[in-house]
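Since the structure comes first, as structure tokens, the remarks are kept for the end.
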Amino acid sequence: VFSWTSIITAYTECGHAHDALTSYQCMLHDGFEPSPHTFLALFNACSRIPDLDQGRNLHAYACMKGSDSEVSVGNAIFRMYLECAAVVDAENFFASLPVRTLLSWNSMLSACVDQGQGKKALQWYTHMKSDGVEPSHYTFIILLKACGRLADLKQGGILHTDARKRGYASDGMVGSTLITMYGKSGAIVGAEDVFGELPHRDVVSWNAMLSAYVEQGFGEKALHLYRQMQEDGVELTQRTYVIVLRACANLGEKEEVRLLDGLAMKTVSYHIGQAIHADARKRDFLSGGFLHNTLVSMYGKCGAILEAEHLFKAIPHRDIVSWNAMLSAYTDHGDGKKALCLLIQMEKESMIPD
RNA sequence: AUCCGGCAUUGU
């Protein structure tokens, strides 16, 4: 049994979870009965695939053998349901668990948030506290993220106070989540306060602050922060550029058109955008593709249709976002004909408009 | 030791 379990674990870890389940069949065939350890490995395999049907069968079998009373196995079953996106099953199972560890609570909460069920996560949190389980900084990050998505400033503020009391508010990761939460809730001052009080800022906290400015339409402040990042010697990332280019696009939308070489352009934003584009190139952030879509959108919003077009054509793997960005560049520009042409081309390349 | 955690592009 021990060897079979090792084989199953090994297959799962190498990303061959299907083979893990096949080995289990072989193991049964040879007359071996699964131990709790085997179940652990099997549920991990089901999570990986993910295979809900097998997971359910195994769950039933584990119950029959009494293996499900083991805390670790219980957690594995629980995670299996979560990762197979069977939230209802997960919730039912979770409610029936005799021992709920902090880790299982965090898994539950995070799965709710990932699936857009932030409210549910907050409800479960009340339950968690009444169960006498104390939240960790993981818990706060998960819940604050939920508040950000819901733009629930009230709950977010309560959690912030609570996190502060427990000494979690100065944690860098909690801090970034707080900044994002305040940013998405429109409380830019709250975001700035958290950012200003962070003892150790890393790129992510800077990016979070930058993103908060952009989302709330403070393009100039964002550009200012971008400069400050460079002065402070922060190691910029590709994401930094995604965000700061969005700031340019934002400014471009607001700027009045002016004629440049006979073309209607948002000249100021356009030049800033170009400069940032050059920065990104210098830092070799243009490969990988994630900046392409943002650049197309930015140039489009600055009135630089030709550059947007040029970049669009150079994208190796155009996804739906690339097409949408190019389409809205044309329509913003009042070029309905080209937009329609693009739509036709889209269908030719068997892209389905959403 | 392992499993739960932060910032990301288009349109709506």
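Protein chains get the first letters and strands the later ones, always in sequence-line order, with residue 1 at the start of each.
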TODO: Using a 4.0 Å heavy-atom cut-off, write out nucleotides 6-12 of chain B from 5' to 3' as B (base contacted by protein), S (sugar-phosphate only) or - (no contact).
DONE: BBBBBS-
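Using a 4.0 Å cut-off between a side-chain N of Lys or Arg and a carboxylate O of Asp or Glu, A:R283 and A:D279 do not qualify as a salt bridge.
Counting only residues at least two apart or in different chains, salt bridge (charged side-chain N to carboxylate O under 4.0 Å, His left out) contacts with residues 334-354 of chain A comprise A:E309-A:K338, A:R318-A:E349. For residues 323-351 of chain A, the ring-ring contact (aromatic ring centres under 6.0 Å, His included) pairs, not counting sequence neighbours, are A:F312-A:W323.
For A:Y299 and A:H310, the gap between ring centers reaches or exceeds 6.0 Å.
As judged by a 4.0 angstrom heavy-atom cut-off over every strand, A:H292 is placed among residues making no nucleic acid contact.
In this structure, A:Y138 is not a member of the same hydrophobic cluster as A:V174, with clusters built from ILVMFWY side-chain heavy atoms closer than 4.5 Å.
If you measure from atom OH of A:Y81 to atom P of B:rC3, you get 23 Å, rounded to the nearest angstrom.
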